[in-house]
Amino acid sequence: MVVFLGCAVCGGVAMGLIKLTAVSFSYIPDKPVISGLDFELCNAERIALSGANGAGKSTILKIMVGLLQPDGGVVEAFGRVRTKERDFYEVRSRAGLLFQDADDQLFSPTVIEDVRFGPLNQGLSQTNADIKAHQALQIVGLSGFEDRVAHKLSGGEKRLVALATVLAMEPEVLLLDEPTAGLDNKTMARLVGILEDLPQAMVIISHDQNFLKKLVTRRVNLVPT
Amino acid sequence: MVVFLGCAVCGGVAMGLIKLTAVSFSYIPDKPVISGLDFELCNAERIALSGANGAGKSTILKIMVGLLQPDGGVVEAFGRVRTKERDFYEVRSRAGLLFQDADDQLFSPTVIEDVRFGPLNQGLSQTNADIKAHQALQIVGLSGFEDRVAHKLSGGEKRLVALATVLAMEPEVLLLDEPTAGLDNKTMARLVGILEDLPQAMVIISHDQNFLKKLVTRRVNLVPT
Amino acid sequence: MKGVDGRVRIIAAVLFAVVTTACSRLDILTAIMFSAVLLAWFARLPVVETIKKLLSMDGFILILIATLPFTTTGTHWFGFSGFTASVEGGQLAMEIFLTANACMLSFLALVAAMPHPAIASGLRGLGCSKNLIQILLLTIRYIETLRLEYQRLRTAMQARGFQPRNNLHTWRSYGYLAGMLIVRSLDRADRVLAAMKCRGFRGSFPTVAEDAKLTKADYVFLWWFFLAVLFVVVWQWG
Amino acid sequence: MHVVDGVLSAPVLAIGGFVAVGGLTVGLKQVTSEKIPQVAMLSAASFLITLIHIPIGPSSIHMVLNGIIGLLMGWVAFPIFLTGLLLDAIFLGFGGLLSLGVNLSLMALPGVAVHYLFAARLNQSQRPFLWGACGGAVAIAATGLLAALALGYSSTAFIPAAKVVIVSHIPLVALEAFLCGSAIALMSRVKPELFLATPQLERD
């Protein structure tokens, strides 16, 4: 077991949250999408992850929370090396992943049921999960949407509900995969406002340079293998 | 019956292709998505249709080809007022709609069967439909893809095949709903090249300003109601 | 066997199943099982995958095969702690085991190994309802699309800390997942119908490609098959 | 439910085949060409859903869902489950050719029964969960019972196995009731137009 010793990038002062060392991954054998990747996210950082299509940006986020198993390398999260599915249960609770397509994230009849799904998985009681859900909806400015049908909301509203489902779990890290794709300017401005006010460290994948400029503290560029 | 008298926007010189007058539409009663919309597409125009999420851009394309019936207003296409489902049979043959999700459009076992589905419905013989299908595949640069299976194509290839299914019917107008969504830069460049060379008038919905800049001759902005 | 017509292969599979089910002698069933293995070899079925499929089917009949020797009365075979197995019961169990596996293996070789559109056109050639064929073709087309949709929903649930357990929360979530998949598949059906209408669909599918004539290879295959069937019939009942 | 070839007796196979052909005829008559995409997508979705394994007690089982399909589609359950069974056979190698009729009847007939029993009550009901659960429970219980009958009638030697089938269906009934209830509750919220009228019944 490798003990986590603080962050090299930011000088070891801040606490390291997620660290990938020499990680490689391939969907098809012998066609690696990622190889020998080193990456580190520290406290209070907001990192933009950029690179061409097919460079494996989404793949990296999935590896961080254990939805994909790397072929090689070490994944450390919150001070511990994570290898097995069981190791990642805690990681998924502390690092919230917002998917590209909000439709894929919403599967409940009403908004409130979707938002409290995460807290319930964390073992909270129904009442406490409801409290967390209401708080999360308030953060994204959708109080009053509790009983709406998520499936019938507009694309922008769905994205915000999806963000609320992640925030309700009170994660320490946010992993955002193309959060602005398909959003109009007004909703995008609203999203930037919400994200700016959030204290969490973030890894953001986005093609939108204006959006990134407003948020990120550091950029990591992926070169396709 | 309203007689169509040429185009007000382009000065009455060019022929008007599709014209909406005071069109309104609502999915849920009393919550109109569109109200009192006027729109006109003339010969050789390429119009960008923009507007916020939920402003009804896709809805407008569907109204144009009669997939949705407006609550009020007049739809004219190719010089005639269209009201009933039967009226739109001809419209759908002359105005080709490219769907957001190419998977919805590719419903046949193989690529060639998909591409000749339209020409066969237009009443062409098997041989002539095959010729049209091969031509269309050639235009989008996918000759040799005839016997491929739709669900095994990449996202970009699916979009191009979907475009071929539309082009095989030799429409006079193209209605494109987010044609670049999810495409990588290479495929996007290829798509721009194909669309630039096409003679058809177009209505394009897209959030991608770079893409629009290269193609469109006029912009119409929808204000949400 | 690759070039054999779909209709011929489907008829052969049905014939195989009828004859095999009607047979009761273990020696003949063993010979039939052997010929099913031959068919599988001709069809180049992948070995490991095929054995896995057979085993998972055997799981279904395990209870039946395990209980039959003890529940059938007859000549004493063996016994333990008050249960006695009969020879007749053992034979019956063996008969079912051989029949089920032979039928399935022949089906995999004769029908399932064909490309899916070929199965559909074979069924159409045999007079199957046209609408049913269209349903089958569309279903096959969209299985993978819907599976990916399901997979994305499932991954998103996992990312939010979902762990299947024995509780109401788990079962409710699965219920919602199933319901949502149905809703989304119905939405997709609407969009596909719209796409069809846009390409001139007015209620009937364009009929293309009447069925090809049977080739010499088809007849050769059929004759061999009939001879084998005749041989089995004479052996069992002659 | 997958009864394999070689188990059932000729009369049982014949009855199954007869019911299946009858059900398919009625079902396909209701499938206009406009409805083909809908029926196909439901076939694909129900096939996929049956592949989901759900933990119950120390083991796991999969959903059958003939209650939901029956409630929604009535007689059209026959073509839907025929497609599903064909796919089972082609992709997974389950079931058998001769027992196809029996297997289809075991799945679809309870669905049709549930449609006549509960669909009208479900439509515009304030308690979709309740009626969905009833539909799910009754359909799967009937399937188990019919399967046991088919086995028992084929040979007296199968009666113990038939009893096992019935016993093993008891947890399935409880689970299916809860899952179908939840699924129907979701659908009535998200797509209420599915439950506005009783289109299947009106046509007859």
Side-chain angles (χ1 to χ4, degrees), chain A residues 58-59 61-68 85-86 88-110 113-126 129 132-133 136 149-152 162-171 174-175 177, chain C residues 44-52 115-116 138-139 141-196 198:
Chain A
S58 302
T59 307
L61 298 192
K62 285 185 187 153
I63 288 175
M64 286 176 179
V65 294
L67 294 173
L68 294 173
E85 170 74 7
R86 299 185 64 88
F88 283 101
Y89 288 160
E90 189 205 349
V91 178
R92 289 175 198 153
S93 193
R94 296 172 71 178
L97 173 54
L98 186 72
F99 284 80
Q100 255 183 57
D101 189 349
D103 266 319
D104 293 332
Q105 220 159 343
L106 306 175
F107 70 99
S108 302
T110 57
E113 282 177 273
D114 247 322
V115 182
R116 74 178 169 216
F117 175 75
L120 286 176
N121 286 331
Q122 289 176 315
L124 266 63
S125 70
Q126 188 81 18
K132 290 265 191 282
V149 178
H151 190 69
K152 289 190 174 165
L163 180 60
T165 66
V166 170
L167 292 177
M169 299 176 77
E170 302 195 325
L174 288 177
L175 310 172
D177 194 349
Chain C
R44 307 220 169 104
L45 292 185
V47 178
V48 178
E49 214 179 291
T50 306
I51 290 175
K52 267 189 196 160
H116 305 141
L138 267 182
T139 307
R141 159 67 184 90
Y142 281 102
I143 283 253
E144 182 62 10
T145 310
L146 295 187
R147 195 189 65 80
L148 290 175
E149 225 170 272
Y150 159 72
Q151 203 61 54
R152 288 195 300 270
L153 275 168
R154 196 55 215 275
T155 308
M157 287 169 81
Q158 222 181 330
R160 280 196 275 160
F162 181 65
Q163 301 161 40
R165 289 202 184 98
N166 270 306
N167 57 28
L168 284 187
H169 170 66
T170 299
W171 295 327
R172 184 182 300 113
S173 303
Y174 274 120
Y176 285 167
L177 179 63
M180 192 47 102
L181 277 173
I182 291 176
V183 166
R184 290 173 68 144
S185 68
L186 288 172
D187 287 348
R188 189 177 289 279
D190 290 342
R191 297 199 300 271
V192 169
L193 180 64
M196 287 176 164
C198 279

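Please read these numbers as outputs of a predicted model, since none were measured by experiment. Residue numbering restarts at 1 for every chain, and letters A, B, ... go by the order of the sequence lines.
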For the atom pair [atom1] ([X]) and [atom2] ([Y]), what is the distance rounded to the nearest 0.5 Å?
X	Y	atom1	atom2	answer
C:Thr170	A:Leu120	OG1	CG	10.5 Å
A:Thr110	C:Tyr176	OG1	OH	6.5 Å
C:His169	A:Gln126	NE2	CD	9.5 Å
A:Leu67	C:Arg154	CG	CZ	11.0 Å
C:Asp187	A:His151	CG	NE2	4.0 Å

Between [X] and chain C, with a heavy-atom cut-off of 4.5 Å, which part of the residue counts as in contact: side chain, backbone, both or neither?
X	answer
A:Asp101	neither
A:Ser108	both
A:Gln122	neither

Quiz item: Hey, mind stepping through C:Met157 and A:Phe107 against side chain to side chain contact (heavy atoms under 4.5 Å, CB included) and telling me if it holds?
Solution: CA-CA 9 Å; C:Met157 287 169 81; A:Phe107 70 99; 3.8 Å; yes
Self-check item: Winner by heavy-atom pair count (cut-off under 4.5 Å) against chain C, out of A:Pro109, A:Ala162, A:Gly66
Solution: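 It is A:Pro109.
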Self-check item: Closest-packed option against chain C by number of heavy-atom pairs under 4.5 Å, given A:Val166, A:Asp104, A:Thr165
Solution: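 Option with the top pair count is A:Asp104.
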Quiz item: Does a sphere of radius 6.0 Å around NZ in A:Lys152 hold more than 12 heavy atoms from other residues, nucleotides or ligands, not counting ones at 6.0 Å or beyond?
Solution: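 Yes.
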Practice problem: Look at the side chain of C:Arg160 and the backbone N and O of A:Met169, then say whether any donor-acceptor pair between them is shorter than 3.5 Å. | Solution: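 No, C:Arg160 side chain to A:Met169 backbone: no donor-acceptor pair under 3.5 Å.
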Quiz item: If you measure only the distance, is there a donor-acceptor pair under 3.5 Å linking the side chains of C:Gln163 and A:Glu85?
Solution: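 Their side chains do not contain a donor-acceptor pair, so the 3.5 Å distance test is not met.
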Quiz item: Which bit of C:Ser173 comes within less than 4.5 Å of chain A, counting heavy atoms only: side chain, backbone, both or neither?
Solution: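 Both the backbone and the side chain of C:Ser173 come within 4.5 Å of chain A.
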Quiz prompt | Non-hydrogen atoms of A:Asp103 and C:Leu153 that approach each other most closely | solution =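 Where A:Asp103 meets C:Leu153 most closely, the heavy atoms are O-CD2, 4.1 Å.
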